[in-house]
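Order of appearance sets the numbers: ligands from 1, and atoms from 1 within every ligand.
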Amino acid sequence: MIKQWQAVDDYIAGRLIARPEQQHETLDANRRSGLPAIDVSAPQGKLLHILSRALRARRILEIGTLGGFSTIWLARALEPGGKVVTVEFDPRHAEVARANIAREGLTDRVDLRVGAALDILPKIEAEGAGPFDLSFIDADKANNAAYFNWALKMSRPGALIIVDNVVRDGAVADPSTKEDSALGARTLFDAVADESRVTATAIQTVGSKGWDGFLIAMVK
Ligand code: SAH
Ligand code: DHB
Ligand code: MG
């Protein structure tokens, strides 16, 4: 199936996503630097972009930058004067991201922080960088519930919190799974289910990144 899913993603991108929007240079640079090809797909990146624009986002929080592919989609959606604050643990990834963001002319719209998100999120809060209009959580999956709680703490009413990779080939609903990412997703679902300050759903996706999904929570 993945071949057909890939073909349909290519079709969607070919019809609806302009060539310069697709960031071929970013993906090439990531490949040359040996980064894992685990960025969101182009149709998914555009979804994040459209949601950010619909919210007229000025402040966006991202956890897990990698080479900046999703960061660039988000930064291009900002209202004038807006900022994406993005957190990346691996200095090698951050260096590649910084160059990609600069090539796109977005350096002044991206605040890239290098370190473990659980160390950096309290600093972001203390600086008053929020409240955020949209948060995109896409880092180490075991900490998803903790990241969700930080994002919630720094969100404005009406904000969206979007979490990537919450389905993992269906493992999230497989009681026998031992996969860390699926267990992390389940802990996240439990936290969101118990949180009365948000209303939420999750959407399964297939495409060039296989079978996975996004959780989308709206802050009341
Ligand atoms: N959002 C990116 C993909 C992120 S991949 C995109 O779609 O283009 C996940 C990233 O999270 C990796 O670069 C990894 O180094 C980073 N990461 C892992 N653990 C982390 C942590 N504790 N804090 C911050 N980033 C982390
Ligand atoms: C992995 C991480 C991701 O963020 C993703 O979108 C796909 C895979 C991973 O760590 O395997
Ligand atoms: Mg991901």
Side-chain angles (χ1 to χ4, degrees), residues 2 5 9 21-31 33-49 51-52 60-77 84-101 104 106 110-124 134-151 161-172 177 179-185 188 202-216:
I2 179 113
W5 298 343
D9 261 359
E21 279 187 300
Q22 292 184 21
Q23 294 186 51
H24 292 286
E25 294 95 335
T26 291
L27 296 176
D28 287 346
N30 291 358
R31 207 172 300 120
S33 304
L35 266 53
I38 55 174
D39 345 63
V40 294
S41 67
Q44 290 172 339
K46 187 137 187 193
L47 174 67
L48 296 173
H49 175 89
L51 292 172
S52 302
I60 295 177
L61 174 67
E62 179 179 65
I63 306 175
T65 317
L66 189 64
F69 182 81
S70 54
T71 317
I72 289 167
W73 274 111
L74 294 166
R76 285 173 173 166
V84 178
V85 180
T86 185
V87 185
E88 173 53 51
F89 175 71
D90 188 324
R92 255 186 54 247
H93 297 183
E95 192 187 315
V96 176
R98 203 168 276 121
N100 287 330
I101 291 160
E104 295 293 334
L106 294 167
V110 178
D111 178 1
L112 171 56
R113 308 290 181 94
V114 184
L118 287 178
D119 295 335
I120 293 188
L121 286 161
K123 295 184 183 146
I124 292 172
L134 182 142
S135 299
F136 180 52
I137 299 173
D138 190 19
D140 50 324
K141 312 308 175 192
N143 284 319
N144 268 344
Y147 297 153
F148 170 78
N149 284 320
W150 273 107
I161 302 171
I162 304 175
V163 188
D164 195 22
N165 310 116
V166 300
V167 173
R168 308 307 283 161
D169 291 307
V172 68
T177 192
E179 217 196 287
D180 280 344
S181 60
L183 298 174
L188 170 72
I203 292 293
Q204 304 185 63
T205 56
V206 296
S208 55
K209 304 293 160 169
W211 174 23
D212 218 321
F214 288 120
L215 183 141
I216 302 182

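- The closest approach between L118 and ligand 1 stays at or above 4.0 Å for every heavy atom of the residue.
- Heavy atoms of K141 found under 4.0 angstrom from ligand 2 belong exclusively to the side chain.
- Atom CZ of F214 sits in a crowded spot, with more than 12 heavy atoms from other residues, nucleotides or ligands closer than 6.0 Å.
- Heavy-atom minimum distance, A94 versus V114: CB-CG2, 3.6 Å.
- The nearest heavy-atom contact from the protein to atom 15 (O) of ligand 1 is E88 OE2, 2.6 Å.
- Note on E104 versus R76: salt bridge recorded, some NZ/NE/NH1/NH2 to OD/OE distance being below 4.0 Å.
- Counting heavy atoms closer than 4.0 Å to ligand 1, residue Y147 contributes side-chain atoms (C-beta onward) but none from N, CA, C or O.
- Between V40 and ligand 1, a contact under 3.5 Å exists for at least one N or O pair.
- In plain terms, the two heavy atoms of S52 and L134 that are nearest each other are OG-CD1, 3.7 Å.
- Note: D138 CG to I38 CD1 = 7.0 Å, rounded to the nearest 0.5 Å.
- Looking only at N/O/S atoms, D138 comes nearest to the Mg ion (ligand 3) through OD1.
- Donor-acceptor pairing under 3.5 Å is recorded for the side chains of E62 and S70.
- What sits closest to atom 6 (O) of ligand 2 on the protein, heavy atoms only, is N165 ND2, 2.7 Å.
- Close approach of ligand 1 to L66 (heavy-atom distance below 4.0 Å) involves ligand atoms 2 (C), 3 (C), 4 (C), 5 (S), 13 (O).
- Of the protein's non-hydrogen atoms, I38 CD1, 4.2 Å is the one closest to atom 10 (O) of ligand 2.
- Residue, atom and distance of the protein heavy atom nearest to atom 3 (C) of ligand 1 are D138 OD2, 3.2 Å.
- At under 3.5 Å, a nitrogen or oxygen of D140, whether backbone or side chain, sits near a nitrogen or oxygen of ligand 1.
- Close contacts between ligand 1 and G64 involve ligand atoms 1 (N), 2 (C), 4 (C), 10 (C), 11 (O) [criterion: under 4.0 Å to a heavy atom].
- Those atoms of ligand 1 that come under 4.0 Å of a heavy atom in H93, given as number and element, are 12 (C), 13 (O), 15 (O).
- The N, O or S atom of D164 lying closest to the Mg ion (ligand 3) is OD2.
- Annotation: atom 24 (C) of ligand 1 to nearest protein heavy atom, F89 N, 3.4 Å.
- Residues D9 and P43 come closest through the heavy atom pair OD1-CG, 3.6 Å.
- Under a 3.5 Å cut-off, the side chain of D212 and the backbone N or O of T205 do not form any donor-acceptor pair.
- Residue contacts with ligand 1, taken as heavy atom pairs separated by less than 4.0 Å, involve T65 solely via the backbone atoms N, CA, C and O.
- Against a heavy-atom cut-off of under 4.0 Å, D164 is close to the following atoms of ligand 2: 6 (O).
- Under a 4.0 Å criterion applied to the non-hydrogen atoms of A116, ligand 1 contributes the atoms 23 (N).
- Across every non-hydrogen atom of K209 and I2, the tightest pair is C-CD1, 4.4 Å.
- Put simply, part of G115 is less than 4.0 Å from ligand 1, judged by heavy atoms.
- When atom types are taken as modelled, the side chain of H49 and the backbone of W73 share a donor-acceptor pair closer than 3.5 angstrom.
- Shown here for T177 and A171, the closest heavy-atom pair between the two residues is CG2-O, 3.4 Å.
- Looking only at protein heavy atoms, the nearest one to atom 6 (C) of ligand 1 is S70 OG, 3.0 Å.
- Polar contact check, G68 against ligand 1: no nitrogen or oxygen pair lies under 3.5 Å apart.
- Using a 4.0 Å heavy-atom cutoff, R168 is listed among the residues neighbouring ligand 2.
- The protein heavy atom nearest to atom 23 (N) of ligand 1 is A117 N, 2.9 Å.
- Not a single heavy atom of I63 sits closer than 4.0 Å to an atom of ligand 1.
- Judged by distance alone, with hydrogens and angles left aside, the side-chain atoms of Q22 form no donor-acceptor pair with the main-chain N or O of H24 at under 3.5 Å.
- Distance CG/N30 to CG/D39: 5.5 Å, rounded to 0.5 Å.
- Proximity of D212 to ligand 2, defined as any heavy-atom pair under 4.0 Å, is not found for any part of the residue.
- Any N or O atom pair closer than 3.5 Å counts here, and I38 shares no such pair with ligand 1.
- Atom OG1 of T65 and atom CD1 of I72 lie 10.5 Å apart (nearest 0.5 Å).
- With 3.5 Å as the limit, one finds a donor-acceptor pair spanning the side chains of S181 and E179.
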